[in-house]
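To start, the structure itself, in structure tokens.
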Amino acid sequence: MSEQGKKTVANGKEQISPEEELNDLMLVRREKLTELRDKGIEPYGGRYERTYMAGDILANFEKLENEHVVVAGRIMSKRGMGKASFAHIQDATGQIQIYARLNDIGQPAYELFGKLDIGDIIGVTGKVFKTRMGEITVATEDLKLLSKSLRPLPEKWHGLKDVELRYRQRYVDLIVNPEVKVVFEARSKIVRAVRSYLDNRGFLEVETPMMHAIAGGAAARPFITYHNTLDMKLFLRIAPELYLKRLIVGGFEKVYEINRNFRNEGISTKHNPEFTMLELYQAYADYDDMMNLTEELVANVAFEVFGTTKIEYQGTQIDLSPKWTRLPMLDAVKLHSGIDFGVIKTAEEAKNAVKQAKIGLEIDPAESWGSILNKVFEEVVEPRLIQPTFIMDYPVEISPLAKRKAENPELTYRFELFIYGREMANAFSELNDPIDQKGRFLKQVEKRSAGDEEAHMMDEDYITALEYGMPPAGGLGIGIDRLVMLLTNSPSIRDVILFPLMRPRD
RNA sequence: GGGCCAUUAGCUCAGACGGUAGAGCACCUGACUUUUAAUCAGGGUGUCGGUGGUUCGAGUCCACCAUGGCUCACCA
């Protein structure tokens with residue numbers, strides 16, 4: 001592609017080595033920069049005191065007509081008409097037109113205005129008026145260049161469409177595609193609403209380590225890093241779960257953390273290697289409480305940020321108003337596949353039943369009853385869960401941190417939330433029996449040594465913590481990026497992450 | 001990692017059959033004192049993602065590579 005990012009400027013003078021090429025558009029801007037300096041105009045200004053934002057002037061024209069205002073922003077378009085010119089400048093609130101007339105500002109200022117490029121950042125003092133065509137405009141009285149732009153912006157009409165460039169150069173995307181900003185503003189509001197919901201209910205926000213000696217709390221391949229002076233391998237965390245539960249042991253009864261997790265796995269429209277997770281734990285609660293909390297939290301956030309709990313995602317109406325369907329996994333699988341895992345007791349029977357059901361599913365010979373059940377579920381049920389649905393009671397083999405059901409120890413008090421066929425939340429009544437927990441870890445360790453890189457690691461200190469006694473507790477994890485995707489109608493996780501991971505160029 | 005698709009000017013995109021690369025915006029020169037996708041007159045600014053190959057001749061055909069998108073696998 002282009003030679004972007006290769007130019008250097010030192011001591012205000014251009015230092016372009018021979019192999020580096022500036023295209024004509026950029027050369028012209030460098031020349032203008034030199035010209036400005038020669039005239040004694042500093043192209044990179046400092047503090048500039050504004051009196052109004054563009055949006056405020058547009059919203060309060062009646063009050064501000066004929067008033068003097070000071071605005072600042074980036075030039076987004078420019079129309080010269082000889083001895084008068086128009087431009088639009090853009091600040092955080094939007095765009096406003098400015099008007100400059102030779103007679104009003106004099107020869108030197110008008111010449112400067114003429115030299116300005118789209119992309120330059122300027123400050124303007126002037127009087128608010130409405131043009132003949134009815135557009136609210138600032139008639140320039142004084143003009144100051146605040147930052148000279150040396151690169152051309154993308155086209156004013158089509159904006160920047162190349163998705164690769166949009167993600168790599170998000171700053172350009174944000175300048176020229178106003179709808180992108182709206183999504184990230186919404187993301188911020190959503191996260192704020194989540195926090196305020198939890199804060200109002202007595203939850204304490206905490207921060208636990210991102211660098212773990214043992215990557216626990218989830219089944220995933222971790223990123224590995226290294227600490228020099230300790231001479232030790234560290235993992236970027238795949239989940240904060242085990243630390244948060246240590247805090248429950250310690251006597252905090254309601255805690256949460258909203259922060260990044262890192263998983264060394266595939267990248268897709270639903271996966272970024274680093275993603276934001278909400279995890280919360282509540283002592284003396286269980287997974288029923290977590291279901292109530294989840295639906296109330298999500299519905300409240302939607303209402304607070306968007307004023308409604310009925311949303312549209314990619315053309316599908318989704319109703320987030322509580323109560324949501326609660327369906328045991330066994331019932332869901334029976335309903336959609338006809339296979340009744342309630343009467344199937346062994347992996348062997350399960351394999352045969354899957355074969356007979358002809359759902360086109362390949363089952364590995366080594367798979368257990370529980371993982372076969374989960375496979376069938378994912379294949380047959382998951383894609384159909386469009387409206388918010390809690391799927392309850394996951395098999396114990398795939399839920400090593402969840403409490404067993406009293407009436408069926410092969411299942412756990414665990415649920416996952418699905419919306420639009422996607423997993424949005426995962427929660428359970430936490431396993432607080434240290435001996436059972438140790439056994440579960442040992443099973444995971446076996447799987448690990450059998451080559452399963454995603455199996456949990458043994459965490460002795462976590463067992464120790466449980467041995468001190470952890471109150472019964474409910475725990476919940478919600479993928480914030482996916483929640484934001486849903487609420488902002490974004491098709492890709494990259495649309496809700498400002499700087500998604502990309503392979504470096506060159 | 002597999003499959004499919006894409007990559008042409010700063011941006012958005014055209015380029016049947018292989019014949020020496022185009023448009024709009026942006027930019028440059030000039031005109032224009034309420035324009036607004038301003039207008040009018042002139043100007044094409046390019047390693048056609050890269051490297052090889054086929055061919056008299058490659059943006060176009062072939063191979064490999066790079067980056068990205070979608071999708072499958074894995075996961076949240």
Side-chain angles (χ1 to χ4, degrees), chain A residues 1-4 21-29 31-32 76-88 95-105 110 115 117-119 129-137 139 149-169 172-173 175-177 217-222 238-239 260-279 362 378 398 416-418 422-426 452-454 477-483 485 491-494 500 502-506:
Chain A
M1 298 243 31
S2 67
E3 295 293 310
Q4 290 162 343
E21 281 173 36
L22 294 167
N23 68 51
D24 283 3
L25 299 183
M26 286 167 58
L27 276 173
V28 166
R29 292 191 178 210
E31 281 160 16
K32 285 180 178 174
M76 298 304 290
S77 64
K78 218 181 140 204
R79 295 169 291 285
M81 305 182 45
K83 298 185 177 61
S85 297
F86 290 89
H88 275 95
Q95 294 192 6
I96 189 160
Q97 180 166 260
I98 60 171
Y99 175 57
R101 216 166 66 125
L102 174 61
N103 290 5
D104 294 342
I105 62 175
Y110 194 75
K115 292 275 183 217
D117 287 307
I118 290 173
F129 77 109
K130 203 177 256 185
T131 64
R132 203 179 286 161
M133 301 301 288
E135 179 160 355
I136 297 163
T137 302
S149 169
L150 298 178
R151 287 173 183 269
L153 284 175
E155 210 221 349
K156 61 181 172 187
W157 199 241
H158 297 93
L160 182 66
K161 285 197 168 162
D162 184 319
V163 280
E164 183 176 352
L165 285 182
R166 286 187 47 221
Y167 299 146
R168 286 190 192 280
Q169 296 187 282
V172 180
D173 191 28
I175 291 168
V176 300
N177 296 329
R221 290 167 61 189
I238 54 175
R260 225 64 68 78
N261 288 350
F262 306 87
R263 298 191 184 172
N264 206 340
E265 282 157 357
I267 297 176
S268 78
T269 46
K270 296 172 216 68
H271 302 86
N272 195 59
E274 52 177 313
F275 62 100
T276 301
M277 188 81 165
L278 160 68
E279 282 203 16
E362 291 290 315
E378 284 177 353
I398 58 165
E416 289 193 341
L417 166 65
F418 293 88
R422 291 180 189 162
E423 185 186 339
M424 300 288 295
N426 178 25
D452 183 353
E453 288 183 79
E454 286 163 13
I478 296 180
I480 294 294
D481 310 277
R482 289 189 179 174
L483 179 64
M485 283 170 71
S492 167
I493 197 167
R494 291 190 175 101
M502 303 285 278
R503 231 186 214 99
R505 301 239 61 161
D506 290 334

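In the text below, chain A, chain B and the rest are named by the order of the sequence lines, each starting its count at 1.
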Handout entry: Nucleotide B/rC27, atom P - distance to CG of A/Leu153 in whole Å
Key =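 After rounding, the reported distance stands at 10 Å.
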Heavy atoms only, 4.0 Å cut-off, all strands: where does [X] land among base, sugar-phosphate and nothing?
{"X": "A/Met502", "answer": "sugar-phosphate"}
{"X": "A/Glu135", "answer": "base"}
{"X": "A/Gly266", "answer": "base"}

What residues, two or more places apart in sequence or in another chain, satisfy salt bridge (charged side-chain N to carboxylate O under 4.0 Å, His left out) together with [X]?
{"X": "A/Arg168", "result": "A/Glu164"}
{"X": "A/Glu453", "result": "A/Arg221"}
{"X": "A/Lys161", "result": "none"}

Practice task
Could you check if the base of B/rA41 is syn or anti? Syn means the glycosidic torsion is within 90 degrees of 0.
Solution key: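 Classified anti.
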Could you list the residues that satisfy side-chain hydrogen bond (donor to acceptor under 3.5 Å, both in side chains) with [X], not counting sequence neighbours?
{"X": "A/Arg422", "result": "A/Tyr313"}
{"X": "A/Arg482", "result": "A/His271"}
{"X": "A/Asp104", "result": "A/Arg101"}
{"X": "A/Asp117", "result": "A/Lys32, A/Lys148"}

Got a list of protein N/O to nucleotides 37-40 of chain B N/O distances below 3.5 Å?
{"unit_1": "B/rA37", "atom_1": "O3'", "unit_2": "A/Lys156", "atom_2": "NZ", "d": "3.2"}
{"unit_1": "B/rA37", "atom_1": "N1", "unit_2": "A/Trp157", "atom_2": "NE1", "d": "3.1"}
{"unit_1": "B/rA38", "atom_1": "OP1", "unit_2": "A/Lys156", "atom_2": "NZ", "d": "2.2"}
{"unit_1": "B/rA38", "atom_1": "OP2", "unit_2": "A/Arg79", "atom_2": "NH1", "d": "3.2"}
{"unit_1": "B/rA38", "atom_1": "N6", "unit_2": "A/Gly80", "atom_2": "O", "d": "2.6"}

Fill in the blank from the handout: Pairs under 3.5 Å (Watson-Crick or G-U), crossing ones as [ ], inter-strand ones as |: RNA chain B comes out as (((((((..((((.....[..))))((((((.......))))).)...(((((..]....))))))))))))....
